[in-house]
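Reminder, nothing fancy here: chain letters follow the sequence lines and each chain counts from 1. We use all heavy atoms of the structure for the numbers below, so side chains are in, but hydrogens, waters and symmetry mates are not. Small disclaimer: the values here were computed from a predicted structure and weren't measured.
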2 protein chains.
Amino acid sequence: MAHEHDHSDACPGCAAPPQVAFARHDHSHCAGDVLARAEALAEAQGARLTPVRRRVLEILLEEHRALGAYDVLQRLAAEGFGNQPPVAYRALDFLVENGLAHRIRRLNAFAACMHPGEDHAPVFLICRECNHVAEAPAAPVRAAVDAVAASLGFTVERSNIEAMGLCPACRGTAS
Amino acid sequence: MAHEHDHSDACPGCAAPPQVAFARHDHSHCAGDVLARAEALAEAQGARLTPVRRRVLEILLEEHRALGAYDVLQRLAAEGFGNQPPVAYRALDFLVENGLAHRIRRLNAFAACMHPGEDHAPVFLICRECNHVAEAPAAPVRAAVDAVAASLGFTVERSNIEAMGLCPACRGTAS
DNA sequence: CTTGACATGTTATTGTATAACATACATAGG
DNA sequence: CCTATGTATGTTATACAATAACATGTCAAG
Ligand SMILES: [Zn+2]
Ligand SMILES: [Zn+2]
Ligand SMILES: [Zn+2]
Ligand SMILES: [Zn+2]
């Protein structure tokens, strides 16, 4: 489980962020679901989801938002894991490398992947007001990138597609 | 002029990068052209292209590649401008803000905009071998991003679209 | 048991970016 | 002319992000 408490109760980890996500997903259970899928995926790939790595993934899922490496590190240290930057960076890099998390370059931060296993080329929508990050599937976007790259003879291997703007909640408030 | 020397001669600034860009543009004159357009654009927008700012833009154009803020700073200092980080960051931020340069987050670097004034949503193609960066127009990509954002009620204001991969030259070499 | 591969941990350093404040310079209003 | 105001530049200092290099621990193959 991603949380130490019953998920059907008020969930501090999930409910905490005031900006409760603009994506329409089952927020109260997504963390647990994703973690289960992530475990299966790691197993299938022969990747070892060790305690630190797993805990980092859980932390990202519990927060349900983008966290800086040092934020993660702080939590790890409080739980008895190493308290030096490489501990966090190595675990985060592992997760990114294995498709279990993403790096949000605009924020110098990391977020759990909400669709592990599904071969996806995600677009990240970042609200400039509440800082909430949504991971949206974007096959068409990736296709368009590939097309323009191909026209220049460039071969795309990885891509970061990040958009800043206003989420529905914050756009309403701003009026 | 962007250069102190006659551009029809061998141009150290322009010819230097071994990887001569995979985009098909007139490299020997693009810097001068872009600078001229940038000046006109700044004028039109009421933005003041002061000596430092202009010099930073020239540096980016001369190198014709993505430069870190500290690379730029080093050159500025060598020419008698301030030698502290904010000097470079402020000029670079100004250029980005006014559409005269772009920030390549993946590289923690900045590059002159090759199409100033044209309302463009650029895609950056970054070669992992030679580090060359090409700025490709990408209206279809931006449209796709807008579409997925709209479906979630998100309003896109700015976007970073960066792709890592192999440029034509390096793909040939790698074989 | 020894070896090798890999994960974790630590120390130290490098690289990137901004806060806060001081100074210069223009230009508009009195 | 002179001062107020806005904006640009410069400096010091610090915060934030990432990696290099090395030491220790763990486990499984040979
Ligand atoms: Zn949740
Ligand atoms: Zn928001
Ligand atoms: Zn050139
Ligand atoms: Zn290349």
Would you kindly give the [atom1]-to-[atom2] distance between [X] and [N], to the nearest whole Å?
| X | N | atom1 | atom2 | result |
| --- | --- | --- | --- | --- |
| B:R90 | D:dG6 | CZ | P | 18 Å |
| B:L76 | D:dA8 | CG | P | 17 Å |
| B:D93 | D:dT7 | CG | C1' | 16 Å |

- Do any side-chain nitrogens or oxygens of B:Y89 fall under 4.0 Å of OP1 or OP2 in C:dT18?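 B:Y89 to C:dT18 OP1/OP2: no side-chain N or O under 4.0 Å.
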- Query: So which of residues 96-109 of chain B are in contact with DNA chain D, with a heavy-atom cut-off of under 4.0 Å?
  - Reply: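 Correct list: empty, so none.
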For the residue pair [X] and [Y], establish whether any side-chain heavy-atom pair is separated by less than 4.5 Å.
| X | Y | value |
| --- | --- | --- |
| A:L73 | A:P85 | yes |
| B:F94 | B:Y89 | no |
| A:R53 | A:L49 | yes |
| A:E129 | A:R171 | no |

- Message: Tell me if the aromatic rings of B:F110 and B:H102 count as close, with their centers under 6.0 Å from one another.
- Response: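 Between B:H102 and B:F110, which both carry aromatic rings, the centre distance is not below 6.0 Å.
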- Establish, from distance only, whether the side-chain atoms of A:R106 and B:N160 form a donor-acceptor pair under 3.5 Å.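 A:R106 vs B:N160: donor-acceptor pair found between side chains.
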- A:R37/A:D33 ion pair, N-O < 4.0 Å: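 Result for this pair is no, no salt bridge flagged.
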- Message: So that I can tick it off, tell me whether B:E162 and A:R158 are bridged by a salt bridge, with the cut-off set at under 4.0 angstrom between side-chain N and carboxylate O.
- Response: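 Here A:R158 does not pair with B:E162 in a salt bridge, since their nearest N and O are not under 4.0 Å apart.
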- Message: So which atom in B:V156 and which in B:A149 form the shortest heavy-atom distance, rounded to 0.1 Å?
- Response: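 Taking B:V156 first and B:A149 second, the nearest heavy atoms are CG2-CB, 3.5 Å.
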- Task: For the pair A:H64 and A:H132, name the ring-plane relationship: parallel under 30°, tilted 30 to 60°, perpendicular over 60°.
- Result: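 Judged by the thresholds at 30° and 60°, the geometry between A:H64 and A:H132 is parallel.
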- Query: What's the verdict on salt bridge (Lys or Arg N to Asp or Glu O under 4.0 Å) for A:R75 and A:E62, showing C-alpha distance, side-chain angles and the deciding distance?
  - Reply: CA-CA 12 Å; A:R75 277 158 234 245; A:E62 287 170 10; over 6 Å; no
- Item | Check: D:dA18 base within 3.5 Å donor-acceptor of A:Y70 side chain |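 Donor-acceptor pair under 3.5 Å: yes.
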- Check DNA chain C against residues 80-88 of chain B and give the residues with a non-hydrogen atom under 4.0 Å, in numerical order.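 Correct list: B:P85, B:P86.
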Distances for protein N/O vs nucleotides 4-7 of chain C N/O pairs under 3.5 angstrom?
residue : atom : partner : partner atom : Å
C:dA7   : O5'  : A:R53   : NH2          : 3.2

